[in-house]
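Hydrogens, waters and symmetry mates are skipped; everything else that's a heavy atom, side chains included, is used. Per chain, numbering begins at 1; letters A, B, ... match sequence-line order. Not measured: the values here are computed from a predicted model.
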Amino acid sequence: MDKGFPDAVEPLPRDFFDRPAPEVAPALLGCVLAHETPEGVVAVELTEVEAYAGELDPASHAYRGKTPRNAVMYGPPGYAYVYFTYGMHFCVNVVCLPAGTANAVLLRAGRVIAGEDLARRRRSARRLVPDDQTPLRVLPARELARGPARLCQALAIDRAQNGLDFCDPASPLRLSGAASGAGTGASRTISAGPRVGVSAGADTNWRFWVADEPTVSAYRPHKARSR
DNA sequence: CGTCGGATAATCT
DNA sequence: GATTATCCGACGA
């Protein structure tokens with residue numbers, strides 16, 4: 001048998017995402033996110049996610065209505081909403097609920113289950129300074145997709161993937177159900193807490209993660225900047 | 001292990 | 001002009 005990425009696994013049905021984000025989010029833990037590029041496939045088992053409830057949620061990008069950036073969130077469920085932030089990072093979401101609403105689940109972290117070498121290459125090749133003599137650090141496996149921007153870098157997700165369909169079997173970006181009997185397996189205790197890095201809505205426990213998973217990112221409260 | 005400052009630019013007010 | 005759904009390296013314990 002091939003130990004690589006299971007191509008035969010079907011993507012999650014669109015109905016799966018036709019629910020409020022706080023309901024979809026915990027259900028996504030343990031599911032498999034894969035991105036196929038000319039370089040190869042990298043796949044992770046999701047270990048940490050966050051729910052954003054659109055216009056009713058002060059922490060959501062859709063809190064102040066539709067804009068060019070968040071337009072995908074107002075579309076049908078099961079599509080990828082990718083945004084650029086902090087001048088250098090990308091984060092990826094899955095859109096929830098029907099068109100006209102703007103719920104989404106932010107995919108925050110995962111455990112690499114396929115394409116580990118490729119993921120490590122992408123995550124290590126950072127500094128592009130010509131004279132940089134800094135030795136390349138060898139990242140532990142748990143660090144490859146530990147955090148939303150790191151996950152995107154390991155899977156090579158950027159602007160080009162905004163709007164792709166997670167439910168299309170032919171899509172290079174796929175989201176499929178938990179592999180039966182594989183990986184972490186049994187211990188599926190889910191924990192919940194406040195979302196990371198948000199200034200508003202920090203009182204809502206819409207961050208969900210797999211308990212005792214080393215790939216879950218560290219919590220850090222939002223910090224206001226002093227000019 | 002933990003906390004902290006700086007990087008860096010799209011997006012929105 | 002201010003803010004940002006973050007990361008990394010530095011430094012202290």
message: For Glu48(A) and Ser217(A): C-alpha separation, side-chain torsions, deciding distance, then whether side chain to side chain donor-acceptor pair (under 3.5 Å) applies.
response: CA-CA 8 Å; Glu48(A) 180 189 3; Ser217(A) 66; 2.9 Å; yes
- prompt: dA9(B) base to Tyr86(A) side chain: any donor-acceptor pair below 3.5 Å?
  reply: no
Nucleotide [N], atom [atom2] - distance to [atom1] of [X] in whole Å:
X	N	atom1	atom2	result
His89(A)	dG6(B)	NE2	P	16 Å
Met73(A)	dT11(B)	CE	C1'	13 Å
Phe90(A)	dC7(C)	CZ	C1'	14 Å
Leu144(A)	dC7(C)	CG	P	13 Å
Arg220(A)	dT3(B)	CZ	P	9 Å
Leu106(A)	dA5(C)	CG	P	10 Å
His222(A)	dA5(C)	NE2	C1'	11 Å
Asp158(A)	dA9(B)	CG	P	16 Å

- request: Verify the distance criterion only: is there a donor paired with an acceptor across the side chains of Gln161(A) and Tyr81(A) at less than 3.5 Å?
  value: no
query: Is the Lys NZ or Arg CZ of Arg195(A) less than 6.0 Å from the centre of Tyr52(A)'s six-membered ring, within 45° of the axis?
result: yes
Indicate whether OP1 or OP2 belonging to [N] is found under 4.0 Å from a side-chain N or O atom of [X].
X	N	result
Arg108(A)	dT6(C)	yes
His61(A)	dA5(C)	yes
Thr85(A)	dA5(C)	no

query: If you measure from the ring centre of Phe84(A) to the centre of the six-membered ring in the base of dA9(B), is it under 5.5 Å, with the planes under 30° apart?
result: no
- request: Please determine, for dT3(B), whether a Watson-Crick or G-U wobble partner exists with both distances under 3.5 Å, and give it or none.
  value: dA10(C)
Is [X] touching bases, backbone alone, or none of the nucleic acid, heavy atoms closer than 4.0 Å?
X	value
Arg69(A)	sugar-phosphate
Arg150(A)	sugar-phosphate
Ser199(A)	sugar-phosphate
Ala149(A)	sugar-phosphate

field: 5' priority, DNA chain C, between Ala200(A) and Arg146(A) [closest heavy atom]
entry: Ala200(A)
statement: Of Gly87(A) and Gly147(A), the one whose closest nucleotide on DNA chain C sits nearer the 5' end is Gly87(A)
- request: Taking only the side-chain heavy atoms of Thr67(A) (C-beta and beyond), determine which of dC12(B), dT8(B), dA10(B) contains the nearest atom.
  value: dC12(B)
- prompt: If you check the Tyr52(A) side chain, which of dT11(B), dC7(C), dA5(C) turns out closest?
  reply: dA5(C)
field: Within one Ile-Leu-Val-Met-Phe-Trp-Tyr cluster: Val44(A) and Phe16(A), side-chain cutoff 4.5 Å
entry: yes
field: Flag, side chain of Arg146(A) to backbone of Val216(A), donor-acceptor distance under 3.5 Å
entry: yes
task: Evaluate the ring planes of Tyr83(A) and His61(A), with Trp represented by its six-membered ring, and classify them as parallel (under 30°), tilted (30 to 60°) or perpendicular (over 60°).
output: perpendicular
